[in-house]
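To start, the structure under review is shown below, and the notes come after it.
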Amino acid sequence: MNRFYVTTPIYYVNAEPHLGHAYTTIVGDALTRWHRLLGEDVKYLTGTDEHGLKIQQAAAAAGMEPQAFTDAIAPKFAALWGRLNIANDDFIRTTEARHKAAVVELLQRCYDAGDIELDTFAGKYCVACEEYYADDELLDGDRCPIHQRPVEYFEEENYFFRLSRFEDRLLDWYARHPTAMIPEHRGNEALGLIKSGLRDFSISRTSLEWGIRLPWDAGHVAYVWFDALTNYLAAVGFGDGTDGYRERWPVDYHLIGKDIVRQHCVYWPAMLMSAGVDLPKGWAIGGWLLSDGDKISKSSGNAVDPLDLINDVGLDGFRYYVLADTTYGNDGDFTYGGLVSRYNADLANNLGNLAARVATVVAKKCDGLGTAPDPDSALAAHAASAYTETAAQWDVVQPSRALDATWSLIRATNGHLEANEPWKAEPGPAVDLVIGDALEALRIVAVLCSPAMPDIAQTVWERIGMTGDVADQRLPAAAEWGQYTAGATVTKGDALFPRIRA
RNA sequence: GGCGGCGUAGCUCAGUUGGUCAGAGCAUCCGGCUCAUAAUCGGAAGGUCGUCGGUUCAAGUCCGACCGCCGCUACCA
């Protein structure tokens, strides 16, 4: 059985979970559900990043110990994933023992390889922020942009990862794996970063308390990257003393945002090369999901939490909008108008109405029992091409295009009904075939849209009289024309997506 | 400043290696239908493919310059 391993970034717990986190996590969820339909053995990982100075400070400000502080925040992420029906198989926290073991293992390997060395880190330091600043970040060349007070020149002994040694190796590797980073234009940005020259980066701090200590020098605490990135390995057992992690590793896709390309597509593969660990098979680099044009963040304080709009369009309506309206790789703009427009057009008018009109005709012309489709139906070709295109787009992590391909079958089905007008004909074999075609198309649509809308897909599945769990269907077999079970009870039920009056 | 990305119908976007590539969905207008959630179906209109040059028999599709928007610029995930 093919294995499929996907990760989201681990989210930093100094902020409450928001739309930006939800976006990436929903994409990952839909992607993994698709691969489950393909019969693959999937592992979907997300989690939280809980170390570092900011957490230490935030905890102190709250009068809490860091661990207690993160213990209070991390569940909020897990709770949101529950609310969004995210089927992650694992949730890793960087404060877990398995994570610490993996970080220690990776650090030690790179250290043993000679790629981590003691050196001096020097820079302008703001005592108030407890952070270093680059010259061009400073006001008037010497004042902290936050506190507006002069910074001090500090020198600190740090361990450095010799990233500069990996420039050629990285370029060579990417040249041999040209489709590793998708979409292509995002990958080009990463290649540009490498070609522009790589500088070593420090991986430890002596001033930091809240984190993982270097295995060979307890006076230093690992600083961000070796800690955060290693979660992807930790979750598959790296560092447990065996090679068991190789069953899952290398990861198929790291889903990341365009803002962390450098760390994930440059630092991370170099670290893995140094440690003698296989590189990821792929990175799927997304844009940001903006809200009315503004980047969603705690600092921008958007008035309305887009997540609250789940109440208006239902969870699956929300998921559909996020997936269908944003081209993965580009920025998306989350607007109420866009949400309602998508919901009404694609869900209420197309899918929901199709299900309703078919159910009504079945009741009137077929005694409420589904009929068999025409093996030679004109719709069969539409269904086949819709499946092919849907699959091709999920394969390259383009949910919006995949859903558009699936919806092409819905549109074709509405057209098929118009062309044959079964509601005008007397009950009989001809009507039965047309209705069977529509039911069969709905069956296939239910399967194909289930990664995006798990609950609605199941509802459609049951209303057309299919039994069991639509998620248990397996592709490509389930997309083949002609499998609808004649004689099944078709129920109309309430509107799947009540139309929203603007 | 340096590096990079984007700029195609009102809106969101497709257009892999240059030659039916000028497209889809939504919105708009006209018409049909009335099984259906004022849904659906058909048709129409709508773009000098950011601007200016260049290469070519032929360029959204290659090259150069420019304009506009945006990202990164290194230890913040």
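Side-chain atoms are counted along with the backbone in the values below, which use heavy atoms only and exclude waters and symmetry mates. Here is how names work: the chains are called A, B, and so on, in the same order as the sequence lines, proteins then strands, and each is numbered from 1.
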Rounded to whole Å, how long is the line connecting atom CG of A/L323 with atom P of B/G25? 21 Å

Any N or O donor-acceptor pair linking the side chain of A/S202 to the base of B/C75 at under 3.5 Å? yes

Remember a base hit wins even if backbone is also touched, and classify A/R411 as base, sugar-phosphate or nothing at under 4.0 Å, heavy atoms. sugar-phosphate

Measure from the side chain of A/R262, starting at C-beta and using heavy atoms only, and say which of B/U73, B/G71, B/C75 lies closest. B/U73

Indicate, with a heavy-atom threshold strictly under 4.0 Å, whether A/N350 touches base, sugar-phosphate, or nothing. sugar-phosphate

Between the base of B/C35 and the side chain of A/E418, is there a donor-acceptor distance below 3.5 Å? yes

Closest of B/U37, B/U40, B/C6 to the A/H185 side chain is B/C6

Taking B/C72, B/C26, B/C35 as options, the one with an atom nearest any side-chain atom of A/L193 is B/C72

With stacking defined as ring centroids separated by under 5.5 Å and planes differing by under 30°, is A/F201 stacked against B/C75? no

Taking only the P atom of each, what is the distance from B/G50 to B/U8 in whole angstrom? 6 Å

A/L351 CG to B/G25 P, in whole Å, measures 18 Å

How would you label the contact of A/K365 with the nucleic acid (heavy atoms, under 4.0 Å): base, sugar-phosphate, or nothing? nothing

What's the closest nucleotide to the A/W423 side chain, out of B/A74, B/C35, B/U40? B/C35

Nearest-Å distance once atom C1' is located in both B/G10 and B/G47: 11 Å

CG of A/N188 versus P of B/C72: gap in Å, rounded? 18 Å

Check this for me, if you would: do A/R213 and A/E209 make a salt bridge, where the nitrogen-to-carboxylate-oxygen distance has to be below 4.0 angstrom? yes

Against A/F318, only a single residue in A/Y23, A/Y343, A/F334 fulfils ring-ring contact (aromatic ring centres under 6.0 Å, His included); can you say which? A/F334

Toward the 5' end of RNA chain B, by each residue's nearest nucleotide, A/I260 or A/K424: A/K424

What interatomic distance, in whole Å, is found between P of B/A45 and the corresponding atom of B/U51? 23 Å

So does A/Y328 get a backbone contact from the side chain of A/Q398, meaning a donor-acceptor N/O pair under 3.5 Å? yes

Distance to the ring centre below 6.0 angstrom and angle to the axis at most 45 degrees; does that hold for A/K365 and A/W423? no

Cationic tip of A/R342 above A/Y321 ring, under 6.0 Å, 45° of axis: no

Distance check needed: B/C33 C1' versus A/E421 CD, whole Å only. 7 Å

CG of A/D333 versus P of B/C70: gap in Å, rounded? 14 Å

Minimum-distance nucleotide (side-chain atoms of A/L496 versus B/C70, B/U40, B/U37): B/U37

Please report the distance separating the P of B/C70 from the corresponding atom of B/A27, rounded so that it comes out in whole Å. 30 Å

Rounded to whole Å, the NE2-C1' distance (A/H220 to B/C75) equals 15 Å

Can you tell me, in whole Å, how much space there is between the C1' of B/U56 and that of B/C13? 30 Å

Rounding to an integer number of angstrom, what distance separates B/A9 and B/C75 when you compare their P atoms? 40 Å

If the threshold is 4.0 Å, N to carboxylate O, is there a salt bridge linking A/D494 and A/R463? no

A/E184 CD: over 12 foreign heavy atoms closer than 6.0 Å: no

Considering only the C1' atoms, how many Å lie between B/G23 and B/G15, rounded to the nearest integer? 7 Å

Considering heavy-atom distances to RNA chain B, does A/D331 or A/D200 have its closest nucleotide positioned more toward the 5' end? A/D331

Separation between the P atoms of B/C26 and B/A39, rounded to whole Å: 12 Å

Ion pair A/D200/A/R162, N-O distance below 4.0 Å: yes

Just how far, in rounded Å, is P of B/G4 from CG of A/L191? 11 Å

Whether A/R401 contacts B/A14 is assessed here as follows: a side-chain N or O lying under 4.0 Å from the phosphate OP1 or OP2. Is that the case? yes

What's the verdict on side-chain contact (heavy atoms from CB on, under 4.5 Å) for A/Y159 and A/E117, showing C-alpha distance, side-chain angles and the deciding distance? CA-CA 5 Å; A/Y159 282 94; A/E117 297 175 332; 5.9 Å; no

Heavy atoms only, 4.0 Å cut-off, all strands: where does A/N330 land among base, sugar-phosphate and nothing? sugar-phosphate

Just how far, in rounded Å, is P of B/U37 from OH of A/Y343? 14 Å

Between A/N344 and B/G25, is there a side-chain N or O to OP1/OP2 distance below 4.0 Å? no

Want to know the stems of RNA chain B: at least 3 consecutive Watson-Crick or G-U pairs with distances under 3.5 Å, which are they? B:1-7 with B:67-73, B:10-13 with B:23-26, B:28-31 with B:41-44, B:50-54 with B:62-66

Starting the side chain at C-beta, find the nucleotide from B/C26, B/A36, B/C75 nearest to A/F160. B/C75

Under 4.0 Å between any heavy atoms, over every strand shown, what does A/G415 touch: base, sugar-phosphate, or nothing? Just pick one. sugar-phosphate

Expected label for B/G25 (glycosidic angle, syn inside 90° of 0, else anti) would be anti

Below the 4.0 Å mark, does B/U37 have OP1 or OP2 next to a side-chain nitrogen or oxygen of A/K492? yes

Below the 4.0 Å mark, does B/A39 have OP1 or OP2 next to a side-chain nitrogen or oxygen of A/R499? yes

With rounding to the nearest 0.5 Å, note down the distance linking CZ in A/R262 to OH in A/Y267. 5.5 Å

A/A345 has its side chain closest, among B/C26, B/C13, B/U37, to B/C26

Reckon A/G187 touches a base, only the sugar-phosphate, or nothing at all at heavy-atom distances under 4.0 Å? nothing

Name of the residue among A/Y253, A/W283, A/W225, A/Y232 meeting ring-ring contact (aromatic ring centres under 6.0 Å, His included) with A/H264: A/Y232

Side-chain donor/acceptor of A/N353 to base of B/A39, under 3.5 Å: no

